[in-house]
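Okay, so here's the structure we're looking at.
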Amino acid sequence: MPPGDVAEALRVQEELRSRVDLVGPGPTAPTTVAGLDVAYAESGDRLAAAVTVLDAGTLTVVDEAVSVGRPAFGYVPGLFAFRELPALLEALDRLTVRPDLLVCDGHGLAHPRRFGLACHLGLVTGLPAIGVGKTPLVGEWDEPSPERGAWTPLRDAGEVVGRVLRTRDGVKPVFVSVGHRMSLDNAVDRVLALTPSYRLPETTRTADRLCRRALAAALA
DNA sequence: GCGACAG
DNA sequence: ATCTTGTCGC
């Protein structure tokens with residue numbers, strides 16, 4: 001059951017944050033990696049969540065699932081997870097394959113209270129998880145060198161909460177942070193392995209296409 | 001008080 | 001997130 005208001009949501013984050021595993025190095029050679037994303041109807045009252053599971057070696061889709069529903073919470077930066085979590089969890093439940101790693105569209109530790117969507121999703125499922133954001137939520141950083149693989153630390157309130165990583169030469173970097181049971185070094189390695197051709201991980205791209213398709217089909 | 005603010 | 005035209009480049 002989603003929080004009824006902001007105060008309750010904050011209490012839930014405060015309660016769960018301590019249970020996140022920030023030690024586990026996570027799988028160095030995962031067999032399968034899942035991508036999660038959500039698409040919204042322009043009216044804003046309907047959404048479609050999708051999960052795609054890719055073979056980590058070939059980056060081809062081996063399983064996928066969707067869930068159409070309503071946002072479970074208003075859009076409040078920092079409480080974003082409560083909005084998409086129910087639909088994402090339902091889609092995850094519908095998978096046939098249990099992925100070795102979750103790649104979330106949003107942040108993990110790079111969050112005001114160190115408990116972004118990737119942490120929440122990882123904790124609830126018990127799976128290793130990382131967050132890959134397209135834009136920052138918190139922190140300061142220096143611009144990484146223009147070549148793929150270059151990165152700089154993302155710092156907030158005196159601590160390193162993630163990395164600003166260049167996944168393609170000369171293209172805007174992404175924000176990588178740990179979600180659950182993953183080290184930052186491994187998270188960056190996994191993201192680079194998932195970005196042989198584009199700025200965003202293949203997992204995110206396939207999930208993005210799937211949730212858009214599912215939403216269009218649901219609205220038709 | 002003011003500006004910023006994942007998707 | 002979503003709404004949007006053209007444009008530059010491979």
Side-chain angles (χ1 to χ4, degrees), chain A residues 2-3 6 9-10 12-13 16-17 20 35-52 66-89 91 102-124 129-141 146 148 154-157 161-165 167-180 187 191 196-201 203-220:
Chain A
V6 169
L10 291 172
V12 173
Q13 288 193 331
L16 298 180
R17 54 180 296 180
V20 171
L36 306 88
D37 194 22
V38 175
Y40 293 85
E42 43 189 309
S43 53
D45 60 347
R46 300 263 291 169
L47 58 72
V51 183
T52 53
V66 301
S67 172
V68 177
R70 312 271 174 189
F73 202 81
Y75 173 63
V76 181
L79 297 179
F80 173 61
F82 296 104
R83 190 172 172 71
E84 308 189 335
L85 209 57
L88 286 171
L89 290 176
L102 262 33
V103 178
C104 308
D105 195 28
H107 302 97
L109 277 189
H111 174 278
R113 290 168 296 284
R114 309 290 179 261
F115 194 68
L117 174 65
C119 298
H120 208 141
L121 222 30
L123 182 61
V124 172
I130 62 175
V132 180
K134 297 180 286 294
T135 60
L137 172 59
V138 297
E140 309 87 47
W141 67 93
R148 165 179 157 84
L154 174 62
R155 295 193 179 79
D156 183 51
V161 297
R163 282 182 195 167
V164 181
L165 175 69
T167 55
R168 296 296 297 164
D169 289 358
V171 172
K172 187 204 298 186
V174 296
F175 298 77
V176 179
S177 60
V178 166
H180 184 58
V191 171
S197 311
Y198 298 93
R199 174 187 178 231
L200 298 178
T203 37
T204 300
R205 291 166 44 77
T206 52
D208 177 76
R209 290 189 297 244
L210 179 56
C211 65
R212 293 194 194 216
R213 252 185 289 140
L215 180 64
L219 298 178

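As the structure is a computational prediction, the values presented were derived from the model and not from experiment. Labels below follow one simple rule: chain letters A, B, ... track the order of the sequence lines, proteins then strands, and each chain is numbered from 1.
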So what is the 5' to 3' dot-bracket string for DNA chain B, if pairs are Watson-Crick or G-U wobble with both distances under 3.5 Å, crossing pairs use [ ] and | means the partner sits on another strand?
.......
Is the distance from OP1 or OP2 of B/dG7 to the nearest side-chain N or O of A/Lys134 less than 4.0 Å?
yes
Give the rounded distance in Å between these two atoms: CZ of A/Arg83 and P of C/dA1.
12 Å
NA contact type, A/Ala39, heavy-atom cut-off 4.0 Å: base, sugar-phosphate, or nothing?
sugar-phosphate
Would you check if A/Val161 and A/Ser177 make a side-chain contact, meaning some heavy-atom pair closer than 4.5 Å?
no
For the side chain of A/Arg83 and the backbone of A/Phe73, is there at least one donor-acceptor N/O pair under 3.5 Å apart?
yes
Counting the atoms with a prime plus P, OP1 and OP2 as sugar-phosphate, which does A/Pro112 contact under 4.0 Å by heavy atoms, base, sugar-phosphate, or nothing?
nothing
Quick one: is B/dG7 close enough that its OP1 or OP2 comes under 4.0 Å of any side-chain N or O from A/Thr135?
yes
Does the pair A/Asp105/A/Lys134 count as a salt bridge with the N-to-O cut at 4.0 Å?
yes
Are any of the side-chain heavy atoms of A/Phe82 and A/His120 separated by less than 4.5 Å?
yes
So what does A/Gly78 hit on the nucleic acid, given a heavy-atom distance under 4.0 Å: a base, only sugar-phosphate, or nothing?
base
Donor-acceptor pair, A/Arg168 side chain versus A/Ser197 backbone, under 3.5 Å?
yes
Determine the contact category for A/Leu79: base if any of its heavy atoms lies under 4.0 Å from a base atom, sugar-phosphate if only primed atoms, P, OP1 or OP2 are that close, otherwise nothing.
base
Picking from B/dA6, C/dT2, B/dG7, which would you name as closest to the side chain of A/Asp105?
B/dG7
Verify, without hydrogens or angle tests, whether A/Arg148 (side chain) and A/Thr167 (backbone) share a donor-acceptor contact under 3.5 angstrom.
yes
Please confirm whether the shortest side-chain N or O distance from A/Tyr75 to OP1 or OP2 of C/dA1 is below 4.0 Å.
no
